[in-house]
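Here's the structure, in structure tokens; my notes come after.
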Amino acid sequence: MLALGWGYHVLLRGERMWVDVLLYLAVMALGFWLPGRACRPYSGRRKLLAVLLAALLVACVALFTLYPPDMILFRDLSAAGAWLPLPC
């Protein structure tokens, strides 16, 4: 998701919220579909790889949440009108 968001916002200089929503929905759909395709019991190297990838994901979430880098992908874009107005 970060790579897709970076590619859209930084490389392509995109600012459309509907693209963000589509990217999110696609990543979520793949996130639910792929585990069903690989639901066989793991053993050996595949199990170790799955555990290492999960640990890497946890580390990245913690790191980027607590210490976000100074990049456009991690900036608050609400002031630029990137969000839909919420009814009060």
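As a basis for the values below, the full set of heavy atoms in this structure was taken, side chains included, without hydrogen atoms, waters or symmetry mates.
By the rule that hydrophobic residues join a cluster once side-chain heavy atoms approach within less than 4.5 Å of another member, L4 and L25 end up as members of one cluster. A continuous path of ILVMFWY side-chain contacts below 4.5 Å connects L22 to F32, so both sit in one hydrophobic cluster. In the hydrophobic clustering of ILVMFWY residues, with side-chain heavy atoms under 4.5 Å counting as a link, L66 and L63 come out together. One hydrophobic cluster, built from ILVMFWY side chains closer than 4.5 Å, holds both V27 and W18.
Atom-to-atom distance recorded for M28:CE and L23:CG is 13.5 Å, nearest 0.5 angstrom. From D20, atom CG reaches atom CD of E15 across 10.5 Å, with rounding to the nearest 0.5 Å.
You'll find the side chain of R16 reaches within 4.5 Å of the side chain of Y8, heavy atoms only. Inter-residue side-chain proximity for W33 and L30 is flagged as met; some heavy-atom pair is nearer than 4.5 Å.
Taking a 4.5 Å side-chain heavy-atom cut-off between Ile, Leu, Val, Met, Phe, Trp and Tyr, the cluster of L49 extends to L53.
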